[in-house]
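Each chain gets a letter, A, B and so on, in the order the sequences are listed, and its residues count up from 1.
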Number of protein chains: 2
Amino acid sequence: MSEVDRNIVRSFPGTVRAIEGSRDIVRLGERTEHISLIVEGVVARFGQMADGNRQFTAFFISGDMADLHAAVMPVVSSPLQTTCPTTLYQIDRAVIRDAAERSPSLAQAFWCDCVTEGQISAEWLLTIGRGTALARVAHLFCELACRYEAISDESGRFPLLLTQAHIGDALGLTAVHVNRMVRQLRESGSILTENEYVTILDWTLLRRQGAFTGSYLHLNDPSRNGS
Amino acid sequence: MSEVDRNIVRSFPGTVRAIEGSRDIVRLGERTEHISLIVEGVVARFGQMADGNRQFTAFFISGDMADLHAAVMPVVSSPLQTTCPTTLYQIDRAVIRDAAERSPSLAQAFWCDCVTEGQISAEWLLTIGRGTALARVAHLFCELACRYEAISDESGRFPLLLTQAHIGDALGLTAVHVNRMVRQLRESGSILTENEYVTILDWTLLRRQGAFTGSYLHLNDPSRNGS
DNA sequence: CGGTCCGTTGACTCACTTCAACAGTAGTGG
DNA sequence: CCACTACTGTTGAAGTGAGTCAACGGACCG
């Protein structure tokens, strides 16, 4: 979502809400009554197998709207939860929907946002379906680095507000194997992990390890609204 | 996309185009100039690894709009190809975009369509990330059966316009292993394959094998536009 | 009749899982 | 201040689901 649109959304009336980590925001089958703009923290969308096994299908970070799609499809088909203490700015669903109805350009911006989200899912399908465990972890780190870079002034370094179990649930791996892959990335010299941060030491190497090209993220991409 | 909206789209000026199987429709990085409504056949969206390995990220069947998202984001981030001889009805991108700009309700319908597509991707992520090979194949068959049922008058039987290699590329499996899983499904008594058709003999069993619930497809779902 | 594509099956290999154990840190309560 | 618990990260050893490699039959087609 572009900077301009994000500011429009912030100008809508809403409520700030602080939530602990590992808390459900919306549950399967409920109706979403408000759209959540993330101020700080991480919200993950997930699906669940009968055996309780989870699969995260998206991560939302500061500046993302975690359930924008609910503006037009309020019944929750994928629940949301926080992965860490998170602050949201919640706007009534009707406010968003009415604004989109009045302003075609805003509607288009929201539509774009949902399309981009779908393209990220498609990219995840590619890496999870065809990538090795090492490539999956490297790819996720690349994606997060790019997305955090777009919203902060730091570059090549980002806060990892996920446990290795979270990463495994996003990549279709076990936490144990994620641990081994992170170690391998560290030993290869492409990244460094300290505290809650990942620092990228060798972008070229990490991109190659993750077969990453960031074009699908559409960050600062003027062509998104191209006519 | 609802029946009503599909009829609106069909009323737009466009061109019918017949294409052979295994042909590219749009290539990576190109600009999409027309939106394709599928009249007959199958179009697959895919991503590709550097080693040439493919991963299908969506299948579009009769009545689907294969690249509706291009109305707002014309630069192709996932190429499209046919899996079998296919007929398209192609509408100029500007026609779709302008119609959405003039009619908020049509814009919302298109937006819904893109959201549903994203939810299907999320469901694929769940099955591919966490399901066994057998569950993945069973799940795909369930999904296709439901989607074909919604657009035809046959039930429990659908045309499989994909090779086992295509299925493998969609599910992150090899064609060899897909073959083994299809056989296992056949031997379990849940399905029957003959010619180009899959017949479902035991829905309950197949659903369980694929851990399938069809709610994410939003077929005949009045709540999609719920206010 | 030969070539190509698709489905099919068998034998072997390997990437990732599973199971298990342990260390560091933080929070909690006696 | 020190147990006690819980969570996360870490590492090792053993098991297995899916991949790889290879071969063959049938259908279709030029």
Side-chain angles (χ1 to χ4, degrees), chain A residues 20-23 42 44 49 51-55 81-85 127-141 159-187 191-198 209, chain B residues 20-23 42 49 51-55 81-85 127-141 159-187 191-198 209 211:
Chain A
E20 296 170 76
S22 297
R23 289 287 179 281
V42 173
M49 305 287 283
D51 60 8
N53 241 334
R54 326 197 123 186
Q55 171 73 36
Q81 74 165 41
T82 56
T83 67
C84 62
T127 10
I128 292 179
R130 290 300 177 198
T132 62
L134 189 75
R136 295 184 211 179
V137 177
H139 189 279
L140 178 63
F141 284 175
L160 188 64
L161 307 176
L162 309 165
T163 65
Q164 292 181 349
H166 288 136
I167 297 174
D169 282 343
L171 302 179
L173 301 169
T174 56
V176 172
H177 206 58
V178 168
N179 183 285
R180 286 193 252 263
M181 295 303 104
V182 170
R183 172 161 59 116
Q184 199 172 321
L185 287 175
R186 243 184 345 238
E187 286 173 353
I191 62 161
L192 187 146
T193 59
E194 11 118 48
N195 247 348
E196 310 265 273
Y197 275 83
V198 174
Q209 286 167 326
Chain B
E20 299 169 73
S22 297
R23 289 284 179 283
V42 173
M49 305 286 282
D51 60 9
N53 243 333
R54 325 197 125 184
Q55 171 73 36
Q81 73 165 41
T82 56
T83 68
C84 63
T127 11
I128 293 181
R130 291 297 177 200
T132 63
L134 189 75
R136 296 184 210 180
V137 176
H139 189 277
L140 179 63
F141 284 174
L160 188 63
L161 307 175
L162 308 165
T163 64
Q164 292 182 349
H166 288 136
I167 297 174
D169 282 343
L171 302 179
L173 301 169
T174 58
V176 171
H177 206 58
V178 169
N179 184 285
R180 287 194 256 260
M181 295 303 104
V182 170
R183 173 159 61 114
Q184 200 172 321
L185 288 177
R186 243 183 347 238
E187 287 172 353
I191 62 161
L192 186 147
T193 58
E194 10 120 49
N195 249 346
E196 310 266 273
Y197 275 82
V198 174
Q209 286 167 327

Undergrad: Return the value, rounded to whole Å, for the distance between atom CD of A:Glu187 and atom P of D:dT11.
TA: 8 Å
Undergrad: Any side-chain to backbone donor/acceptor pair from B:Arg183 onto B:Val178? Under 3.5 Å, distance only.
TA: no
Undergrad: Measure the CD-CZ distance between B:Gln55 and A:Arg130 for me, rounded to the nearest 0.5 Å.
TA: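 Answer for the CD-CZ pair, B:Gln55 versus A:Arg130, is 5.5 Å.
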Undergrad: To the nearest angstrom, how far is B:Met181 atom CE from D:dG17 atom C1'?
TA: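 In whole Å, D:dG17 C1' and B:Met181 CE are 9 Å from each other.
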Undergrad: Can you check the A:Glu194 CD to C:dG24 C1' distance for me, whole Å?
TA: 18 Å
Undergrad: Could you state the interatomic distance from CZ (B:Arg54) to CG (B:Asp51), rounded to the nearest 0.5 Å?
TA: 12.0 Å
Undergrad: Which nucleotides of nucleotides 4-10 of chain D have their base under 4.0 Å from a protein heavy atom (B), which only their sugar-phosphate (S), and which neither (-), written as one string 5' to 3'?
TA: ----SSB
Undergrad: How close or far is atom P of C:dC16 from atom CG of A:Leu173, stated in whole angstroms?
TA: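 Rounded to the whole Å, the gap is 7 Å.
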Undergrad: For D:dA18, does either OP1 or OP2 sit under 4.0 Å from a side-chain N or O belonging to B:Thr174?
TA: no
Undergrad: Separation of B:Leu160 atom CG from C:dG7 atom C1', in whole Å?
TA: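 The distance from CG of B:Leu160 to C1' of C:dG7 comes to 12 Å, rounded to the nearest Å.
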Undergrad: Grab the NE2-C1' distance between B:His177 and C:dA11 for me, whole Å please.
TA: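 After rounding, the reported distance stands at 15 Å.
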Undergrad: Between C:dC16 atom P and A:Arg130 atom CZ, what is the distance in whole Å?
TA: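 Rounded to whole Å, this separation is 14 Å.
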Undergrad: Could you tell me whether the side chain of B:Thr82 and the main chain of B:Arg23 form a donor-acceptor pair under 3.5 Å?
TA: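 Yes, B:Thr82 side chain to B:Arg23 backbone: donor-acceptor pair under 3.5 Å.
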Undergrad: Tell me what A:Gly172 touches on the nucleic acid: a base, only sugar-phosphate, or nothing, going by heavy atoms under 4.0 Å.
TA: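 Here A:Gly172 touches the backbone only, sparing every base.
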Undergrad: Starting from P on C:dA15, measure out to CG on A:Leu171 and report it in whole angstrom.
TA: 18 Å
Undergrad: If I take atom CZ from residue B:Arg186 and atom CG from residue B:Leu192, how far apart are they, to the nearest 0.5 angstrom?
TA: 8.5 Å
Undergrad: How many angstroms lie between atom OG1 of B:Thr83 and atom CG of B:Asp169, to the nearest 0.5 angstrom?
TA: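 B:Thr83 atom OG1 to B:Asp169 atom CG measures 11.5 Å (nearest 0.5 Å).
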